[in-house]
Amino acid sequence: IPHRWNRIAVEGRTADSKRLAVVDQRVQLSHIVLDDVIGLAICIRFCLQNTFLNLLCQLGGVAVSRGVENRNQLSACRLLCRPRLIACQNLLHSAFFGQNRTVAGADVVRLLRQGFDAVYGRTVRWLSAREKPLADPKLHELLNTNLFFAFFYASGRTVDTEELCLMTSRSPRYYVSAAYWDRDSLLWAFPAILTVDAAYAREILTYVFTRQARNFGVHSRFIDGTMLEPGFELDELCAPVIALDRYVEKTGDTAFAARPFVRDGLEEILRRMEAKKHPSVPMYETFLQPTDDMHNHIYLTYDNALVCYALRALAKLLNRPELAEEAERTRRAVYEHCVKEQNGRPFFAWSVDLNGHFDIYDEPPGSLLLLPFYGFCEESDPIWQNTAAMIRDESYPLSFAGHPIAEIGCKHAPHPWILSICNSLLSGHADSALLHLSRTPLDNGVACESVNEDTGLCETGEAFATCAGFLSYALYCACCKD
(Lines give C-alpha, C1' and ligand atoms only; values in the text may rest on other atoms or scores of the structure.)
Protein backbone atom coordinates (compact mmCIF):
# COMPACT_ATOMS: atom_id res chain seq x y z
CA ILE A 1 0.00 0.00 0.00
CA PRO A 2 1.85 3.16 -1.09
CA HIS A 3 2.12 6.13 1.22
CA ARG A 4 2.04 9.50 -0.52
CA TRP A 5 3.75 12.09 1.62
CA ASN A 6 2.82 15.75 1.08
CA ARG A 7 4.54 18.99 1.84
CA ILE A 8 2.53 21.77 3.44
CA ALA A 9 3.36 25.23 4.76
CA VAL A 10 2.87 26.01 8.44
CA GLU A 11 2.86 29.73 9.19
CA GLY A 12 3.49 31.40 12.52
CA ARG A 13 6.12 31.56 15.22
CA THR A 14 6.55 29.02 17.97
CA ALA A 15 5.48 29.91 21.49
CA ASP A 16 8.96 29.32 22.88
CA SER A 17 11.84 29.44 20.45
CA LYS A 18 14.17 27.96 23.07
CA ARG A 19 12.13 24.79 23.15
CA LEU A 20 11.72 24.27 19.40
CA ALA A 21 14.46 24.75 16.84
CA VAL A 22 15.75 23.23 13.63
CA VAL A 23 19.39 22.20 13.50
CA ASP A 24 20.77 20.62 10.32
CA GLN A 25 17.33 19.63 9.08
CA ARG A 26 16.41 18.10 12.43
CA VAL A 27 13.79 19.23 14.90
CA GLN A 28 15.14 19.82 18.40
CA LEU A 29 12.68 19.78 21.30
CA SER A 30 13.81 20.59 24.82
CA HIS A 31 17.34 19.46 23.98
CA ILE A 32 16.03 16.19 22.48
CA VAL A 33 16.95 15.84 18.82
CA LEU A 34 14.36 14.16 16.62
CA ASP A 35 15.79 12.85 13.39
CA ASP A 36 12.50 11.82 11.83
CA VAL A 37 9.54 13.87 13.00
CA ILE A 38 6.47 13.34 10.78
CA GLY A 39 3.19 15.19 10.46
CA LEU A 40 3.49 18.25 12.69
CA ALA A 41 0.52 20.54 12.20
CA ILE A 42 0.18 22.41 15.47
CA CYS A 43 2.88 22.82 18.11
CA ILE A 44 1.47 24.00 21.43
CA ARG A 45 3.39 24.24 24.66
CA PHE A 46 1.54 23.04 27.72
CA CYS A 47 2.19 21.38 31.06
CA LEU A 48 1.36 17.70 31.14
CA GLN A 49 -0.54 16.65 34.23
CA ASN A 50 -0.74 12.95 33.32
CA THR A 51 2.54 11.10 33.12
CA PHE A 52 1.15 8.51 30.74
CA LEU A 53 0.70 11.31 28.16
CA ASN A 54 4.46 11.88 28.22
CA LEU A 55 4.90 9.61 25.21
CA LEU A 56 6.71 8.71 22.12
CA CYS A 57 8.18 11.79 20.51
CA GLN A 58 11.79 11.05 21.29
CA LEU A 59 11.34 7.88 19.22
CA GLY A 60 9.78 9.31 16.10
CA GLY A 61 7.81 12.15 14.68
CA VAL A 62 8.12 14.64 11.85
CA ALA A 63 10.98 15.07 9.35
CA VAL A 64 11.50 18.68 8.46
CA SER A 65 12.33 19.34 4.82
CA ARG A 66 15.16 21.59 3.64
CA GLY A 67 12.78 24.48 2.90
CA VAL A 68 13.05 26.11 6.33
CA GLU A 69 13.17 29.91 6.09
CA ASN A 70 14.09 30.60 9.71
CA ARG A 71 15.94 27.74 11.32
CA ASN A 72 15.80 29.15 14.84
CA GLN A 73 12.11 29.91 15.13
CA LEU A 74 10.42 27.94 12.33
CA SER A 75 8.57 31.01 11.09
CA ALA A 76 7.65 29.10 7.94
CA CYS A 77 8.50 25.41 7.71
CA ARG A 78 7.63 22.78 5.21
CA LEU A 79 6.84 19.53 6.93
CA LEU A 80 6.31 16.02 5.70
CA CYS A 81 2.74 15.03 6.39
CA ARG A 82 1.82 11.71 8.02
CA PRO A 83 -0.84 10.64 10.56
CA ARG A 84 0.26 11.01 14.18
CA LEU A 85 -0.80 12.33 17.50
CA ILE A 86 2.23 12.63 19.72
CA ALA A 87 2.96 14.17 23.10
CA CYS A 88 6.53 14.95 24.15
CA GLN A 89 7.47 16.44 27.52
CA ASN A 90 5.83 19.89 27.53
CA LEU A 91 4.88 19.89 23.85
CA LEU A 92 1.81 18.55 22.10
CA HIS A 93 1.91 17.79 18.39
CA SER A 94 -1.57 17.45 16.92
CA ALA A 95 -0.93 15.76 13.61
CA PHE A 96 -2.99 15.98 10.46
CA PHE A 97 -2.68 14.26 7.13
CA GLY A 98 -4.14 13.96 3.68
CA GLN A 99 -3.51 12.86 0.12
CA ASN A 100 -3.09 16.43 -1.17
CA ARG A 101 -2.98 20.06 -0.11
CA THR A 102 -6.75 20.40 -0.20
CA VAL A 103 -7.35 17.54 2.22
CA ALA A 104 -4.51 18.63 4.49
CA GLY A 105 -5.81 22.19 4.50
CA ALA A 106 -9.33 21.01 5.30
CA ASP A 107 -7.99 19.10 8.30
CA VAL A 108 -6.31 22.28 9.54
CA VAL A 109 -9.59 24.17 9.25
CA ARG A 110 -11.40 21.39 11.12
CA LEU A 111 -8.86 21.48 13.96
CA LEU A 112 -9.03 25.26 14.18
CA ARG A 113 -12.83 25.19 14.27
CA GLN A 114 -12.84 22.65 17.06
CA GLY A 115 -10.22 24.53 19.05
CA PHE A 116 -7.31 23.26 21.09
CA ASP A 117 -9.23 22.71 24.33
CA ALA A 118 -11.76 20.42 22.63
CA VAL A 119 -9.12 18.42 20.77
CA TYR A 120 -6.89 18.15 23.83
CA GLY A 121 -9.80 17.19 26.08
CA ARG A 122 -10.96 14.49 23.69
CA THR A 123 -7.41 13.10 23.51
CA VAL A 124 -7.07 13.01 27.30
CA ARG A 125 -10.42 11.25 27.67
CA TRP A 126 -9.47 8.69 25.02
CA LEU A 127 -6.16 7.94 26.69
CA SER A 128 -7.63 7.95 30.20
CA ALA A 129 -10.25 5.39 29.18
CA ARG A 130 -7.44 3.02 28.17
CA GLU A 131 -4.92 3.78 30.89
CA LYS A 132 -4.10 0.92 33.26
CA PRO A 133 -3.49 2.19 36.80
CA LEU A 134 -0.74 0.81 39.03
CA ALA A 135 -0.02 1.87 42.60
CA ASP A 136 3.70 2.22 41.94
CA PRO A 137 4.13 5.48 39.96
CA LYS A 138 7.24 4.28 38.11
CA LEU A 139 5.61 1.03 37.05
CA HIS A 140 2.44 2.95 36.17
CA GLU A 141 4.41 5.18 33.82
CA LEU A 142 6.36 2.25 32.38
CA LEU A 143 3.25 0.15 31.71
CA ASN A 144 1.24 2.93 30.10
CA THR A 145 4.08 4.45 28.12
CA ASN A 146 4.72 1.07 26.53
CA LEU A 147 1.02 0.34 26.13
CA PHE A 148 0.41 3.52 24.16
CA PHE A 149 3.65 3.20 22.25
CA ALA A 150 2.47 -0.21 21.08
CA PHE A 151 -0.95 1.21 20.28
CA PHE A 152 0.42 3.97 18.06
CA TYR A 153 3.61 2.43 16.72
CA ALA A 154 2.60 -1.21 16.15
CA SER A 155 -0.43 -0.18 14.10
CA GLY A 156 -1.55 2.72 11.97
CA ARG A 157 -3.57 3.75 8.96
CA THR A 158 -2.32 4.19 5.44
CA VAL A 159 -2.39 7.71 4.08
CA ASP A 160 -3.85 6.83 0.70
CA THR A 161 -6.58 4.30 1.61
CA GLU A 162 -7.04 4.85 5.38
CA GLU A 163 -6.78 1.10 5.95
CA LEU A 164 -5.63 -0.19 9.29
CA CYS A 165 -2.33 -2.03 9.10
CA LEU A 166 0.00 -3.69 11.59
CA MET A 167 3.77 -3.70 11.82
CA THR A 168 6.47 -4.63 14.31
CA SER A 169 7.38 -0.96 14.55
CA ARG A 170 6.57 2.05 12.42
CA SER A 171 9.62 3.86 13.79
CA PRO A 172 12.59 4.15 11.41
CA ARG A 173 14.81 3.55 14.43
CA TYR A 174 13.77 -0.11 14.47
CA TYR A 175 15.93 -2.18 12.16
CA VAL A 176 13.06 -3.65 10.08
CA SER A 177 10.68 -0.73 10.13
CA ALA A 178 7.08 -1.00 8.90
CA ALA A 179 7.07 -4.76 8.19
CA TYR A 180 4.60 -7.34 9.49
CA TRP A 181 5.15 -10.54 11.49
CA ASP A 182 2.20 -12.68 12.66
CA ARG A 183 4.05 -13.49 15.87
CA ASP A 184 5.04 -9.94 16.77
CA SER A 185 1.68 -8.35 16.11
CA LEU A 186 -0.60 -11.10 17.40
CA LEU A 187 1.30 -12.78 20.24
CA TRP A 188 2.93 -9.64 21.67
CA ALA A 189 1.07 -6.44 20.80
CA PHE A 190 -2.44 -7.84 20.40
CA PRO A 191 -2.96 -9.03 24.03
CA ALA A 192 -2.17 -5.54 25.30
CA ILE A 193 -4.52 -3.84 22.84
CA LEU A 194 -7.27 -6.36 23.61
CA THR A 195 -7.14 -5.48 27.31
CA VAL A 196 -7.98 -1.83 26.61
CA ASP A 197 -9.90 -1.65 23.31
CA ALA A 198 -11.85 -4.69 22.14
CA ALA A 199 -13.35 -2.82 19.16
CA TYR A 200 -9.90 -1.95 17.86
CA ALA A 201 -8.79 -5.54 18.48
CA ARG A 202 -11.66 -6.72 16.25
CA GLU A 203 -10.56 -4.35 13.51
CA ILE A 204 -7.03 -5.71 13.84
CA LEU A 205 -8.29 -9.25 13.36
CA THR A 206 -10.25 -8.15 10.30
CA TYR A 207 -7.03 -6.85 8.76
CA VAL A 208 -5.18 -10.03 9.71
CA PHE A 209 -7.78 -12.40 8.23
CA THR A 210 -8.03 -10.39 5.00
CA ARG A 211 -4.85 -8.57 3.99
CA GLN A 212 -2.43 -10.98 5.66
CA ALA A 213 -4.31 -14.27 5.27
CA ARG A 214 -2.78 -15.48 2.03
CA ASN A 215 0.68 -15.68 3.59
CA PHE A 216 -0.08 -16.91 7.11
CA GLY A 217 3.04 -18.51 8.56
CA VAL A 218 5.49 -16.86 6.16
CA HIS A 219 8.48 -15.25 7.89
CA SER A 220 7.66 -11.55 7.27
CA ARG A 221 5.46 -9.51 4.95
CA PHE A 222 4.81 -6.01 3.75
CA ILE A 223 1.82 -4.25 5.24
CA ASP A 224 -0.29 -5.18 2.19
CA GLY A 225 0.31 -8.90 2.85
CA THR A 226 2.86 -9.60 0.12
CA MET A 227 5.91 -11.60 1.13
CA LEU A 228 8.94 -9.73 2.39
CA GLU A 229 11.19 -12.53 3.67
CA PRO A 230 10.46 -16.19 2.88
CA GLY A 231 10.61 -19.14 5.26
CA PHE A 232 7.94 -21.06 7.18
CA GLU A 233 7.55 -20.41 10.91
CA LEU A 234 5.19 -22.64 12.84
CA ASP A 235 4.68 -20.21 15.70
CA GLU A 236 3.54 -17.55 13.23
CA LEU A 237 1.04 -19.94 11.67
CA CYS A 238 -0.49 -20.49 15.13
CA ALA A 239 -0.54 -16.79 16.05
CA PRO A 240 -3.78 -15.74 14.25
CA VAL A 241 -5.70 -18.62 15.87
CA ILE A 242 -4.38 -17.76 19.33
CA ALA A 243 -5.25 -14.07 18.91
CA LEU A 244 -8.76 -14.86 17.64
CA ASP A 245 -9.37 -17.29 20.49
CA ARG A 246 -8.32 -14.66 23.04
CA TYR A 247 -10.63 -12.13 21.43
CA VAL A 248 -13.62 -14.48 21.51
CA GLU A 249 -12.90 -15.53 25.09
CA LYS A 250 -12.76 -11.90 26.24
CA THR A 251 -15.67 -10.50 24.24
CA GLY A 252 -17.94 -13.49 23.58
CA ASP A 253 -18.12 -12.31 19.96
CA THR A 254 -18.61 -15.71 18.35
CA ALA A 255 -20.39 -14.06 15.42
CA PHE A 256 -17.12 -12.51 14.26
CA ALA A 257 -15.35 -15.87 14.39
CA ALA A 258 -18.16 -17.34 12.28
CA ARG A 259 -17.81 -14.79 9.47
CA PRO A 260 -16.90 -16.51 6.18
CA PHE A 261 -13.56 -14.79 5.67
CA VAL A 262 -12.48 -15.71 9.21
CA ARG A 263 -13.55 -19.34 8.86
CA ASP A 264 -11.81 -19.54 5.49
CA GLY A 265 -8.63 -18.27 7.15
CA LEU A 266 -8.91 -20.81 9.96
CA GLU A 267 -9.45 -23.66 7.51
CA GLU A 268 -6.39 -22.58 5.53
CA ILE A 269 -4.28 -22.42 8.68
CA LEU A 270 -5.39 -25.96 9.55
CA ARG A 271 -4.49 -27.20 6.07
CA ARG A 272 -1.04 -25.65 6.25
CA MET A 273 -0.51 -27.04 9.73
CA GLU A 274 -1.44 -30.55 8.66
CA ALA A 275 1.06 -30.30 5.79
CA LYS A 276 3.83 -29.83 8.39
CA LYS A 277 2.84 -32.85 10.47
CA HIS A 278 5.17 -35.83 10.72
CA PRO A 279 3.78 -38.87 8.85
CA SER A 280 3.55 -41.06 11.95
CA VAL A 281 4.27 -38.87 15.00
CA PRO A 282 1.74 -36.13 15.88
CA MET A 283 4.35 -33.39 15.92
CA TYR A 284 4.78 -30.45 13.56
CA GLU A 285 7.91 -29.06 11.96
CA THR A 286 9.17 -25.56 11.35
CA PHE A 287 11.83 -24.10 9.11
CA LEU A 288 12.74 -21.00 11.11
CA GLN A 289 12.81 -20.49 14.86
CA PRO A 290 10.98 -17.69 16.73
CA THR A 291 13.99 -15.38 16.20
CA ASP A 292 13.63 -15.99 12.44
CA ASP A 293 16.96 -17.83 12.60
CA MET A 294 17.57 -21.24 11.06
CA HIS A 295 16.56 -24.30 13.10
CA ASN A 296 18.95 -26.82 14.57
CA HIS A 297 16.29 -29.56 14.53
CA ILE A 298 12.91 -29.09 12.89
CA TYR A 299 10.64 -30.08 15.81
CA LEU A 300 10.59 -27.32 18.44
CA THR A 301 9.05 -27.93 21.84
CA TYR A 302 7.72 -24.38 22.13
CA ASP A 303 6.24 -24.40 18.64
CA ASN A 304 4.43 -27.67 19.27
CA ALA A 305 3.09 -26.28 22.53
CA LEU A 306 1.54 -23.48 20.45
CA VAL A 307 0.13 -26.12 18.09
CA CYS A 308 -1.63 -27.71 21.08
CA TYR A 309 -3.15 -24.34 21.98
CA ALA A 310 -4.15 -23.65 18.38
CA LEU A 311 -5.74 -27.07 17.87
CA ARG A 312 -7.82 -26.72 21.04
CA ALA A 313 -8.92 -23.27 19.87
CA LEU A 314 -9.75 -24.55 16.39
CA ALA A 315 -11.82 -27.32 17.93
CA LYS A 316 -14.07 -24.63 19.43
CA LEU A 317 -13.96 -22.09 16.63
CA LEU A 318 -14.67 -24.62 13.87
CA ASN A 319 -16.85 -26.91 16.00
CA ARG A 320 -14.55 -29.84 15.35
CA PRO A 321 -14.02 -31.67 18.66
CA GLU A 322 -11.63 -34.17 17.06
CA LEU A 323 -9.04 -31.37 16.89
CA ALA A 324 -8.93 -31.23 20.70
CA GLU A 325 -8.08 -34.92 20.65
CA GLU A 326 -5.28 -34.20 18.17
CA ALA A 327 -3.99 -31.50 20.53
CA GLU A 328 -3.77 -34.02 23.34
CA ARG A 329 -1.93 -36.49 21.09
CA THR A 330 0.60 -33.78 20.23
CA ARG A 331 1.02 -32.92 23.90
CA ARG A 332 1.78 -36.56 24.71
CA ALA A 333 4.19 -36.74 21.78
CA VAL A 334 6.11 -33.73 23.11
CA TYR A 335 6.48 -35.43 26.50
CA GLU A 336 7.60 -38.61 24.75
CA HIS A 337 10.09 -37.14 22.31
CA CYS A 338 11.16 -33.74 23.69
CA VAL A 339 11.79 -34.62 27.32
CA LYS A 340 15.45 -35.49 27.86
CA GLU A 341 17.54 -36.10 30.95
CA GLN A 342 20.67 -34.49 32.35
CA ASN A 343 22.27 -35.36 35.68
CA GLY A 344 19.27 -37.53 36.45
CA ARG A 345 16.80 -34.64 35.93
CA PRO A 346 14.27 -34.59 33.08
CA PHE A 347 13.87 -31.37 31.10
CA PHE A 348 12.33 -30.07 27.88
CA ALA A 349 14.80 -29.89 25.01
CA TRP A 350 14.61 -26.86 22.77
CA SER A 351 14.32 -28.92 19.58
CA VAL A 352 14.56 -32.54 18.45
CA ASP A 353 14.81 -34.48 15.19
CA LEU A 354 12.82 -37.56 16.39
CA ASN A 355 15.98 -39.64 15.86
CA GLY A 356 17.52 -39.04 19.27
CA HIS A 357 19.25 -35.73 18.59
CA PHE A 358 18.31 -32.60 20.54
CA ASP A 359 19.71 -29.30 21.75
CA ILE A 360 19.59 -27.30 24.98
CA TYR A 361 18.71 -23.75 24.07
CA ASP A 362 16.08 -21.05 24.45
CA GLU A 363 14.91 -17.97 22.56
CA PRO A 364 13.10 -15.12 24.29
CA PRO A 365 10.74 -14.56 21.31
CA GLY A 366 9.44 -18.10 21.84
CA SER A 367 10.66 -19.27 25.21
CA LEU A 368 10.22 -22.54 27.04
CA LEU A 369 9.43 -20.37 30.05
CA LEU A 370 6.03 -19.67 28.44
CA LEU A 371 4.82 -23.28 28.30
CA PRO A 372 2.53 -22.77 31.34
CA PHE A 373 1.36 -19.39 29.99
CA TYR A 374 0.07 -21.12 26.86
CA GLY A 375 -1.57 -23.89 28.86
CA PHE A 376 0.77 -26.66 27.82
CA CYS A 377 1.73 -27.60 31.39
CA GLU A 378 1.43 -26.33 34.94
CA GLU A 379 4.08 -24.24 36.66
CA SER A 380 4.22 -27.06 39.20
CA ASP A 381 5.35 -29.53 36.51
CA PRO A 382 8.80 -30.71 37.69
CA ILE A 383 10.01 -31.15 34.10
CA TRP A 384 9.21 -27.52 33.32
CA GLN A 385 10.73 -26.38 36.61
CA ASN A 386 13.94 -28.25 35.78
CA THR A 387 13.95 -26.65 32.34
CA ALA A 388 13.51 -23.13 33.71
CA ALA A 389 16.25 -23.70 36.28
CA MET A 390 18.61 -25.07 33.60
CA ILE A 391 18.34 -22.10 31.22
CA ARG A 392 18.61 -19.63 34.12
CA ASP A 393 21.67 -21.32 35.61
CA GLU A 394 25.11 -19.73 35.25
CA SER A 395 26.29 -22.86 33.43
CA TYR A 396 24.00 -21.92 30.53
CA PRO A 397 26.08 -19.37 28.58
CA LEU A 398 23.18 -17.13 27.57
CA SER A 399 21.52 -16.95 30.98
CA PHE A 400 23.62 -13.95 32.09
CA ALA A 401 23.28 -15.27 35.64
CA GLY A 402 25.39 -13.23 38.04
CA HIS A 403 25.03 -10.03 36.03
CA PRO A 404 22.89 -7.08 37.16
CA ILE A 405 20.35 -7.99 34.48
CA ALA A 406 20.19 -11.77 34.64
CA GLU A 407 17.69 -12.40 31.88
CA ILE A 408 18.02 -14.84 29.01
CA GLY A 409 19.50 -13.95 25.63
CA CYS A 410 20.10 -15.95 22.46
CA LYS A 411 22.43 -16.11 19.49
CA HIS A 412 20.33 -13.65 17.50
CA ALA A 413 21.25 -10.94 20.02
CA PRO A 414 23.61 -12.25 22.74
CA HIS A 415 22.41 -9.97 25.53
CA PRO A 416 19.44 -10.06 27.91
CA TRP A 417 16.20 -9.56 25.99
CA ILE A 418 13.31 -7.41 27.17
CA LEU A 419 11.08 -10.23 25.94
CA SER A 420 12.83 -12.44 28.52
CA ILE A 421 11.80 -9.97 31.22
CA CYS A 422 8.24 -10.28 29.88
CA ASN A 423 8.52 -14.07 29.98
CA SER A 424 9.73 -13.91 33.58
CA LEU A 425 6.80 -11.69 34.56
CA LEU A 426 4.43 -14.28 33.09
CA SER A 427 6.12 -17.39 34.51
CA GLY A 428 6.32 -16.84 38.25
CA HIS A 429 9.50 -14.74 38.37
CA ALA A 430 7.92 -11.30 38.68
CA ASP A 431 10.12 -10.12 41.56
CA SER A 432 13.39 -10.69 39.72
CA ALA A 433 11.91 -9.32 36.48
CA LEU A 434 10.82 -6.10 38.18
CA LEU A 435 14.27 -5.75 39.73
CA HIS A 436 15.87 -6.14 36.31
CA LEU A 437 13.48 -3.58 34.82
CA SER A 438 14.52 -1.09 37.50
CA ARG A 439 18.13 -1.45 36.36
CA THR A 440 17.63 -0.55 32.72
CA PRO A 441 16.46 2.69 31.09
CA LEU A 442 15.33 0.60 28.10
CA ASP A 443 15.18 2.81 25.02
CA ASN A 444 14.20 6.08 26.72
CA GLY A 445 11.59 4.17 28.72
CA VAL A 446 10.28 2.16 25.76
CA ALA A 447 11.01 -1.51 25.10
CA CYS A 448 13.93 -2.43 22.89
CA GLU A 449 15.14 -5.84 21.76
CA SER A 450 18.10 -6.37 24.12
CA VAL A 451 20.06 -4.47 26.74
CA ASN A 452 23.56 -4.73 28.11
CA GLU A 453 23.75 -7.25 30.93
CA ASP A 454 25.86 -4.92 33.09
CA THR A 455 24.86 -1.35 32.25
CA GLY A 456 21.27 -1.94 31.15
CA LEU A 457 21.74 0.31 28.13
CA CYS A 458 20.02 -0.56 24.88
CA GLU A 459 22.05 -2.91 22.70
CA THR A 460 19.71 -3.80 19.81
CA GLY A 461 16.24 -3.14 18.43
CA GLU A 462 15.33 0.40 19.43
CA ALA A 463 11.67 1.46 19.36
CA PHE A 464 10.46 -2.16 19.39
CA ALA A 465 6.73 -1.43 19.41
CA THR A 466 5.29 -4.95 19.53
CA CYS A 467 7.69 -5.83 22.35
CA ALA A 468 6.46 -2.71 24.14
CA GLY A 469 2.98 -4.17 23.88
CA PHE A 470 4.08 -7.46 25.40
CA LEU A 471 5.94 -5.65 28.18
CA SER A 472 2.85 -3.64 29.08
CA TYR A 473 0.70 -6.78 28.98
CA ALA A 474 3.14 -8.74 31.14
CA LEU A 475 3.27 -5.90 33.67
CA TYR A 476 -0.52 -5.78 33.65
CA CYS A 477 -0.77 -9.52 34.31
CA ALA A 478 1.88 -9.47 37.04
CA CYS A 479 0.90 -6.24 38.84
CA CYS A 480 -2.72 -5.29 38.15
CA LYS A 481 -5.38 -6.40 40.62
CA ASP A 482 -8.50 -5.73 38.49
Side-chain angles (χ1 to χ4, degrees), residues 180-191 194 201 204-205 208-209 212-219 231-251 253-254 256-259 261-278 281-290 295 298-335 337-338 348 351 363 365-377 426 470:
Y180 172 85
W181 277 256
D182 296 301
R183 168 185 54 248
D184 300 26
S185 292
L186 299 177
L187 297 186
W188 301 341
F190 184 81
L194 180 60
I204 284 173
L205 290 172
V208 168
F209 280 91
Q212 294 294 342
R214 67 180 177 273
N215 281 317
F216 279 152
V218 173
H219 178 174
F232 175 72
E233 304 194 27
L234 183 57
D235 63 327
E236 296 209 85
L237 185 64
C238 297
V241 181
I242 294 172
L244 177 63
D245 181 68
R246 284 173 166 163
Y247 169 78
V248 172
E249 286 292 320
K250 180 174 177 62
T251 65
D253 187 4
T254 56
F256 177 80
R259 296 185 67 178
F261 72 90
V262 176
R263 291 187 66 88
D264 288 347
L266 295 176
E267 295 283 3
E268 181 59 29
I269 287 171
L270 186 57
R271 283 192 291 270
R272 295 180 189 183
M273 188 181 294
E274 289 173 344
K276 301 298 180 180
K277 183 180 176 181
H278 186 276
V281 178
M283 290 186 64
Y284 299 76
E285 67 178 72
T286 192
F287 183 71
L288 299 177
Q289 301 188 138
H295 66 264
I298 62 174
Y299 299 101
L300 271 62
T301 301
Y302 168 82
D303 281 5
N304 277 271
L306 292 193
V307 168
C308 292
Y309 187 116
L311 287 171
R312 290 194 301 268
L314 287 167
K316 296 179 293 182
L317 295 168
L318 296 176
N319 193 26
R320 292 183 55 180
E322 72 276 10
L323 295 177
E325 298 172 3
E326 174 66 12
E328 181 56 30
R329 285 192 290 270
T330 298
R331 181 178 178 275
R332 290 198 297 266
V334 169
Y335 273 91
H337 297 281
C338 297
F348 288 112
S351 67
E363 290 188 344
S367 177
L368 295 170
L369 296 178
L370 293 179
L371 297 187
F373 174 70
Y374 286 110
F376 181 79
C377 65
L426 295 170
F470 202 48

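One finds the CD atom of Glu233 at 10.5 Å from the CG atom of Leu300 (value rounded to the nearest 0.5 Å). Rounding to the nearest 0.5 angstrom, the gap separating the CG atom in Leu314 from the CG atom in Asn319 is 12.0 Å. Put simply, CG on Leu266 and CZ on Arg320 are 11.0 Å apart, with the number rounded to the nearest 0.5 Å.
You'll find the side chain of Leu186 reaches within 4.5 Å of the side chain of Tyr180, heavy atoms only. Counting only heavy atoms from C-beta outward, the side chains of Lys277 and Pro282 approach each other to under 4.5 Å. By the 4.5 Å heavy-atom criterion applied to side chains, Lys276 and Phe232 are counted as neighbours. Counting only heavy atoms from C-beta outward, the side chains of Leu368 and Thr301 approach each other to under 4.5 Å. No side-chain heavy atom of Leu237 sits less than 4.5 Å from a side-chain heavy atom of Asp182. A heavy-atom distance below 4.5 Å is found between the side chains of Leu244 and Phe209. Proximity of Leu426 to Phe470: side-chain heavy atoms (C-beta onward) are separated by under 4.5 Å at one or more points. The closest side-chain heavy-atom distance from Cys238 to Tyr309 is not below 4.5 Å.
A salt bridge links Glu268 with Arg271: the closest approach of a Lys/Arg side-chain nitrogen to an acidic carboxylate oxygen falls below 4.0 angstrom. We find that Glu249 and Arg246 are not joined by a salt bridge, their nearest charged nitrogen and carboxylate oxygen being 4.0 Å or further apart. Salt-bridge check for Arg331 with Glu328: passed, with a basic side-chain N closer than 4.0 Å to an acidic carboxylate O.
Of the candidates Leu369, Asp235, Val334, Tyr302 forms a side chain to side chain contact (heavy atoms under 4.5 Å, CB included) with just one, namely Asp235.
Looking only at distances, no side-chain donor or acceptor of Asp184 sits under 3.5 Å from a matching main-chain atom of Ala189. Glu236 places a side-chain N or O within 3.5 Å of a backbone atom of Arg183 that can act as its donor or acceptor partner. His295 places no side-chain N or O within donor-acceptor distance of the main-chain N or O of Gln289, the cut-off being under 3.5 Å.
Counted by atom type alone, Tyr247 and Asp253 present one or more donor-acceptor pairs between their side chains at under 3.5 Å.
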